[in-house]
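One is the number of the first residue; the rest follow in order along the sequence. Every value quoted in this text rests on a predicted model; they were computed, and no experiment measured them.
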Amino acid sequence: MTKPNSTSVQILCAEMIRWMKEHKKLNIYVEPRVMGELLSESSYFNFVQTWKDEKEILSLHTKVDLVVTLGGDGTVLWAASMFKGPVPPIVSFSLGSLGFMTPFHSEQYRDCLDSILKGPISITLRHRMQCHVIRDAAKNEYETEEPILVLNEVTIDRGISSFLANLECYCDNSFVTRVQGDGLILSTTSGSTAYSLGAGGSMVHPQVPGILFTPICPHSLSFRPLILPEHVTIRVQVPFNSRSPAWASFDGKDRKQLAAGDALVCSMAPWPVPTACQIDSTNDFLRSIHDGLHWNLRKTQSVDGPQDL
């Protein structure tokens, strides 16, 4: 799976597919868009397979043993979203701007894939959240909209409204708080270095099980972010006295309006996303925050200054 609208990615994709077929004798599936790009380049790629509809996508996990992504973290999010149940291991090559989930360098793709195909490999199990909307008109809590899986976060915000978001939050039916501000982020630990981080949330190792509860610009100085255990169910409801609706977005897409009385329910999904590590989970995580964020980068204090006697 590849980042769209990139000539360099298209060239690398064609080169990598050719190498995998000729040297590794693999059966290769690509997205329909990529299939069109390959065939427009050369009829050589007739051996490549793709899928036609949603039904075939649902059975992809029975045919695919390994997913290779060429792009940034957004490409990994897109690849994970294709699998609603079990997810094959994802090998992600960094061709984006920030790479918290893309530890492999495309220049060494032959050695990387050679090593991964021989095995064994170290993986990071990245938890996903399952989210569904319950409308005020629903007769019971089981009458919900189609669930949506997120690998990074679900965001509930005030959209274009000039009024503060007004959200009532519950954790396993216990009242947590009322959010009054720009909104709320419910994040996985993999998503802790994404939007949640920009809103003041902690950076959390992706294999720590938990859900981050991070307010966006809260109108309260004492509203600090929380980290809740993975087994809880979180319910965010727009109260009937809210001045305006709220909006929910899932990994930055599939935006849905939440009117007064509507609720968003989130819990940990049963199927995590395994991503291949370059070294191991902790080493890859620490390297990503050092390289991507320049975390705690500072000039070393001079040794020839004043000293205690």
Could you pull out all residues at least two apart from Glu31 that satisfy salt bridge (charged side-chain N to carboxylate O under 4.0 Å, His left out)? Arg33
Verify whether one side chain among Thr214 and Ser196 offers a donor that lies under 3.5 Å from an acceptor in the other. yes
Are Arg126 and Val76 close enough that some pair of their side-chain heavy atoms sits under 4.5 Å apart? no
Taking atom CZ of Arg135 as the centre, report whether more than 12 heavy atoms of other residues, nucleotides or ligands fall under 6.0 Å from it. yes
Please say yes or no: joined through hydrophobic side-chain contacts below 4.5 Å, possibly via intermediate residues, are Leu258 and Val236 part of one cluster? yes
Kindly compute the distance separating SG (Cys277) from CG (Asp284), expressed to the nearest 0.5 Å. 5.0 Å
Min side-chain heavy-atom separation Phe213-Ile227 under 4.5 Å: no
Of all residues at least two apart in sequence or in a different chain, which pass the salt bridge (charged side-chain N to carboxylate O under 4.0 Å, His left out) check with Arg18? none
Could you tell me whether a side-chain N or O of Ser242 sits under 3.5 Å from a main-chain N or O of Val238, the two making a donor and an acceptor? no
Verify whether one side chain among Ser281 and Thr124 offers a donor that lies under 3.5 Å from an acceptor in the other. yes
Would you check if the side chain of His105 reaches a backbone N or O of Glu107 as a donor-acceptor pair within less than 3.5 Å? no
Indicate whether any N or O donor in one side chain lies under 3.5 Å from an N or O acceptor in the other, for Ser190 and His127. no
Please check this pair: side chain of Asn46 against backbone of Ser43, looking for a donor-acceptor N/O pair closer than 3.5 Å. yes
Going by the angle between their ring planes, with limits at 30° and 60°, are Tyr44 and Phe47 parallel, tilted or perpendicular? perpendicular
Would you say the side-chain atoms of Thr189 pair up with the backbone N or O of Pro206, donor to acceptor, closer than 3.5 Å? yes
With heavy-atom distances below 4.5 Å as the criterion, would you say the side chains of Phe100 and Ile289 are in contact? yes
Indicate yes or no: at least one non-hydrogen side-chain atom of Ile148 is less than 4.5 angstrom from one of Lys256. yes
A side-chain contact here means heavy atoms from C-beta on lying under 4.5 Å apart; do Met1 and Val34 qualify? no
Has the side chain of Asp251 got a donor or acceptor atom that lies under 3.5 Å from a matching backbone atom of Leu151? yes
Any side-chain donor-acceptor pair under 3.5 Å between Tyr29 and Gln49? yes
Hey, are Lys84 and Glu146 close enough for a salt bridge, meaning a charged N less than 4.0 Å from a carboxylate O? no
Does Arg235 pair with Asp172 as a salt bridge, N-O distance under 4.0 Å? no
When you compare the side chain of Leu58 with that of Leu60, does any pair of heavy atoms fall below 4.5 Å? no
Take atom CD1 of Ile160 as the centre, draw a 6.0 Å sphere, and report whether it contains more than 12 heavy atoms from other residues, nucleotides or ligands. no
Is a donor on one side and an acceptor on the other found under 3.5 Å between the side chain of Arg158 and the backbone of Ser161? yes
All salt bridge (charged side-chain N to carboxylate O under 4.0 Å, His left out) counterparts of Glu168, not counting sequence neighbours: Arg178
Below 4.0 angstrom, N of the basic side chain to O of the carboxylate: do Asp157 and Arg255 qualify? yes
Assign the ring pair Phe175 / Tyr170 to parallel, tilted or perpendicular, where the plane angle (0 to 90°) is split at 30° and 60°. perpendicular
Are more than 12 heavy atoms from other residues, nucleotides or ligands located less than 6.0 Å from atom CZ of Arg224? no
Any non-hydrogen side-chain atom of Phe93 less than 4.5 Å from a side-chain atom of Gln108? no
